Amino acid sequence: MRALLSLSRLARRLPASLSPVRAPTTLLLRHIHADAPPPPPSHDSTPFVSRILESEPCLTPNDESEPASDPTLDEFLARFVAAFRPRLAAAFPNHDRDVLDEMLRLVADAVLCRLTGTDRGGDAIELNDDLWAAVWEVSASVREAMRRDQVRADLRQYLHCDEVKEMTRFAVDVGIRGSMLRELRFKWAGEKLDEVEFYRGLDDKHADAEAGADRAPVPRLTALPKRKGEVKFTMYGLDMSDPKWAEVAERVAEAEAHFVPEEAKAVEGRAKKAEERLLSVDPRSGDPVPAIEEWKEDLRPNRVDWISLLERIKARNVELYLKVAEILLDQESFEANIRDYSKLIDLHAKANNVESAERVLGKMKEKGIAPDVIISIVLVHMYSRAGKLEQAKEAFDFIRREDFKPDRKLFSSMIKCYINHGEPEQAENLIKVMRDTRVKPTREIYIGLLRSYVQRGLMAYAERVLKTMSFDRVEPTQELYTICIEAYGRVGDPKEACAMFDQMRRKFGHEADDSSIAGVVAAYMKNNQLDHALQWLLSLDKEGLQLGVKTNLMLLDWLSMLQLVPEAEQFVQKIKNLGEEPIEVHVFLADMYAKSSQEDKARRSLKILEEKKKLLKSDQFERVIRGLVDGGFSEEANKFYKMMKSCGFEPSKTIEVAVKALRIRGGSHRTGR
């Protein structure tokens with residue numbers, strides 16, 4: 001807009017002698033509008049001569065001195081005037097067409113002089129920078145439009161060339177029709193145009209080269225001027241003339257030799273046969289050294305050749321690869337580095353082959369190569385899986401001393417190692433360190449730590465872990481709640497067990513399973529609160545919860561110890577209705593029937609237990625023997641006592657003393673005869 005305002009001010013400064021009625025009928029005016037030309041100029045005024053306004057040679061003076069018309073330039077000016085007129089009309093809606101035509105004439109005259117390089121004269125009106133910016137913007141769009149039109153014209157020309165016609169006929173013969181044929185024709189015409197333009201460009205370059213050869217040769221320098229002192233060259237503030245940069249360049253070249261891989265030599269002749277024998281060696285019982293030495297003697301390998309051989313062996317046999325790679329660590333031409341050792345240690349560690357990994361680690365230390373962080377990470381994972389706490393702790397401490405931040409996987413391996421080694425307190429301390437370094441522990445880590453505390457009966461520590469999980473926004477799972485409820489059942493705390501059970505259902509919406517219900521019943525059983533347990537189970541029955549096998553077994557165990565035979569038999573029937581009959585059922589029944597002197601029923605259960613003796617545990621053997629001793633079944637007690645020893649269990653002192661006392665006392669021999 002600033003450019004157009006400047007042009008308007010220029011138009012107002014035009015003298016009256018430059019009014020548009022003085023201009024002859026020109027090419028520019030014919031392009032500006034299609035109206036009739038203005039009246040001819042008066043004879044007493046001097047005509048204004050311009051190439052832009054030039055239409056015919058007879059209409060302008062001095063036509064002999066004017067150059068010939070350029071069609072391309074005339075087309076450009078015509079398009080420029082047509083594109084620039086809407087801008088003027090939009091900026092000056094109140095101006096007449098004559099004024100707009102005069103503005104366009106001034107601008108077009110300035111553009112023509114700039115393009116041809118002619119002098120406009122001293123009285124010419126200069127355009128400011130803003131107006132020139134608008135002019136160049138319109139000129140660029142006009143030039144692009146002319147280029148597109150020229151491309152279209154060339155395409156129309158090459159659409160009818162012989163090559164395109166021949167390919168079109170072939171396409172029609174093979175059945176191509178419609179829009180696809182049209183696209184192919186334009187594609188072939190475009191390729192032909194590109195080919196012509198390419199060769200045209202080569203001709204232009206050849207012409208420029210010939211024109212340059214005709215010019216006078218440029219004189220060349222035969223000697224450099226002498227100067228005093230040393231040459232100093234500075235780059236980014238560094239004095240590159242210092243001799244130390246020459247040493248840096250040598251070291252860079254050496255480093256590039258390691259990064260740019262070389263090509264391995266071709267394996268032929270004797271080396272090929274030796275390699276085939278090497279690949280056929282049994283990695284467990286064979287010796288690959290002779291084949292390696294023969295291969296080495298024939299090929300004279302370097303590191304690249306050794307690595308290529310190892311890759312081929314690994315593709316065929318991984319065990320043989322591990323054996324050969326360990327042998328090559330002692331070869332000088334292999335040039336073993338710390339990464340070769342770390343790869344072998346990692347492969348052995350993943351295969352849980354601790355001895356082989358430690359052997360490779362020992363060879364590395366003998367060569368004077370100290371383990372780095374990467375090898376230490378591999379060692380932590382390996383020793384954690386193997387249960388070697390001290391070695392894992394040593395490698396983990398080294399990693400922390402090197403200011404390396406362990407990730408979640410590394411922390412998890414170390415925490416599991418502490419838990420499996422029976423040190424949950426150290427595992428919890430490591431979880432605190434893990435949280436301080438902004439690494440969030442996973443749910444599996446918390447469950448493992450909680451399970452470790454629960455198994456040891458440390459419920460206060462387990463509750464602390466639950467609070468930490470809540471603080472870290474780790475939602476407890478049903479499995480975690482079941483573990484805690486069973487732990488409260490073992491320690492005999494029904495209040496906390498019920499509270500945990502309600503929290504599981506009400507707060508987190510987990511469904512109560514058979515294990516959690518059995519855990520609460522076990523807590524009541526520890527305190528011998530049968531009435532409270534039955535009342536709690538009735539409340540669950542009202543809510544529609546069904547008791548499973550574990551809960552019925554727990555109640556059967558409780559009632560058998562109380563010698564409530566009819567009630568216990570009812571739970572036995574419920575267990576059978578559920579489709580299962582665990583061996584614990586007959587353990588409880590044998591104990592109950594023996595103590596209640598129901599010999600026939602006791603013998604039926606004892607017979608089943610004798611058939612499934614391999615499934616019995618030590619505490620189950622002792623419970624059956626204790627019941628038989630209390631019931632006075634000396635023969636059966638001695639039989640199960642010997643059976644327990646034959647199964648590899650060592651009886652407790654209490655059972656051993658009770659059986660011996662029964663023998664001495666000569667208890668009743670209830671054989672059923």
Side-chain angles (χ1 to χ4, degrees), residues 258 261 264 274-275 277-296 299 301-402 404 406-407 409-410 412-414 416-417 420-421:
H258 293 284
E275 183 175 332
R277 287 196 298 272
L278 176 60
L279 293 172
S280 63
V281 172
D282 186 2
R284 298 184 180 180
S285 60
D287 185 12
V289 175
I292 293 175
E293 292 297 331
E294 184 178 353
W295 189 84
K296 173 185 175 183
L299 193 63
N302 53 17
R303 178 173 173 80
V304 178
D305 301 318
W306 286 118
I307 293 176
S308 179
L309 174 64
L310 287 176
E311 290 177 353
R312 293 192 293 272
I313 296 174
K314 189 176 182 180
R316 293 278 295 273
N317 194 327
V318 178
E319 292 185 9
L320 182 61
Y321 164 79
L322 294 174
K323 192 170 185 177
V324 174
E326 187 173 349
I327 295 173
L328 293 184
L329 294 176
D330 299 327
Q331 293 286 340
E332 293 183 2
S333 58
F334 182 64
E335 301 176 0
N337 53 37
I338 190 172
R339 293 282 72 82
D340 299 318
Y341 289 98
S342 65
K343 289 178 182 177
L344 275 180
I345 294 173
D346 185 37
L347 289 174
H348 284 304
K350 289 179 178 178
N352 293 327
N353 196 347
V354 181
E355 294 181 358
S356 300
E358 290 179 341
R359 184 175 63 250
V360 176
L361 183 64
K363 289 184 178 181
M364 185 183 71
K365 292 181 179 179
E366 290 176 0
K367 293 290 183 66
I369 303 175
D372 59 355
V373 174
I374 297 176
I375 296 179
S376 299
I377 291 174
V378 175
L379 293 177
V380 169
H381 294 308
M382 181 184 70
Y383 287 132
S384 297
R385 288 192 296 268
K388 296 186 176 183
L389 178 62
E390 294 300 327
Q391 293 87 335
K393 186 178 179 181
E394 181 181 354
F396 187 78
D397 292 340
F398 172 78
I399 294 172
R400 296 181 64 184
R401 285 196 303 270
E402 293 293 322
F404 181 81
D407 58 356
K409 188 176 180 181
L410 193 61
S412 300
S413 296
M414 199 64 206
K416 290 178 182 178
C417 187
N420 296 334
H421 204 262

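Note that the structure is predicted; figures quoted are calculated from it, not measured. These numbers come from the heavy atoms of this one structure, side chains and all, not from hydrogens, waters or symmetry mates. Note that the numbering runs from 1 along the sequence shown for the chain.
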Take a 6.0 Å sphere around CD of Q331 and say whether it holds more than 12 heavy atoms from other residues, nucleotides or ligands.
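Yes, the 6.0 Å shell around CD holds more than 12 heavy atoms from other groups.
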When you measure from the side chain of N420 to the backbone of C417, do you find a donor-acceptor pair of N or O atoms at a distance under 3.5 Å?
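Checked: no pair found.
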Answer yes or no: are there more than 12 heavy-atom neighbours, outside K363 itself, under 6.0 Å from its atom NZ?
yes
Closest heavy-atom pair and its distance - A370, M364:
C-CE, 4.3 Å
So, the side chain of N337 versus the backbone of D340: is there a donor-acceptor pair under 3.5 Å, distance only?
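A pair under 3.5 Å: yes.
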At what distance, to the nearest 0.5 angstrom, does CD1 of I338 lie from CG of D372?
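Between I338 CD1 and D372 CG, I get 3.5 Å after rounding to 0.5 Å.
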All pairs passing salt bridge (charged side-chain N to carboxylate O under 4.0 Å, His left out) where residues 282-291 contributes a residue, at least two apart:
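Qualifying pairs: R284-E319.
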Side-chain heavy atoms of P301 within contact of K296, under 4.5 Å:
yes
Just by distance, do the side chain of D305 and the backbone of N302 share a donor-acceptor pair under 3.5 Å?
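Yes.
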Mind listing the closest non-hydrogen atom pair of W295 and A274 along with its distance?
N-CB, 3.8 Å
Does the side chain of L361 come within less than 4.5 Å of Y341's, by heavy atoms?
no
So, taking the atom named CG in L309 and the one named CG in L328, what distance separates them when rounded to the nearest 0.5 Å?
7.0 Å
Minimum-distance pair of heavy atoms, taken over all atoms of F398 and V373
CE2-N, 4.1 Å
Between atom CG of D407 and atom CD1 of I399, what is the distance when rounded to the nearest 0.5 Å?
9.0 Å
Mind telling me whether F334 and W306 have parallel, tilted or perpendicular rings, with 30° and 60° as the class edges?
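Judged by the thresholds at 30° and 60°, the geometry between W306 and F334 is perpendicular.
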When you measure from the side chain of S280 to the backbone of R277, do you find a donor-acceptor pair of N or O atoms at a distance under 3.5 Å?
yes
Check for a donor-acceptor pair, side chain of K314 on one end and backbone N or O of Y321 on the other, with a separation under 3.5 Å.
no
Are the side chains of F396 and L379 in touch, meaning some heavy atoms are under 4.5 Å apart?
no
Identify all side-chain donor-acceptor contacts of residues 380-393 below 3.5 Å with residues at least two apart in sequence or on another chain.
residue, atom, partner, partner atom, Å
H381, ND1, S413, OG, 2.7
Y383, OH, E358, OE2, 3.1
S384, OG, V380, O, 2.6
S384, OG, S413, O, 3.2
R385, NE, N352, OD1, 3.2
R385, NH2, A349, O, 2.9

Within 6.0 angstrom of K323 NZ, more than 12 heavy atoms from elsewhere
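Check passes, neighbour count above 12.
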To the nearest 0.5 Å, what is the distance between CD1 (I327) and CD1 (I292)?
4.5 Å
NZ (K367) and CG (L329) are apart, to the nearest 0.5 Å, by 6.5 Å
Distance-minimising heavy-atom pair for P288 and V281:
N-CG1, 4.1 Å
Out of curiosity, L320 CG to I313 CD1, how far, rounded to the nearest 0.5 Å?
5.5 Å
Can you tell me if R312 has over 12 outside heavy atoms packed within less than 6.0 Å of its CZ?
yes
Starting from the C-alpha separation in whole Å, work towards a yes-or-no answer on side-chain contact (heavy atoms from CB on, under 4.5 Å) for L347 and L322.
CA-CA 8 Å; L347 289 174; L322 294 174; 3.6 Å; yes
Looking at S308 and A264, what are the two nearest heavy atoms and their distance?
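That closest heavy-atom pairing would be CB-CB, 3.9 Å.
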Electrostatic pair R339:D346 at N-O distance under 4.0 angstrom:
no
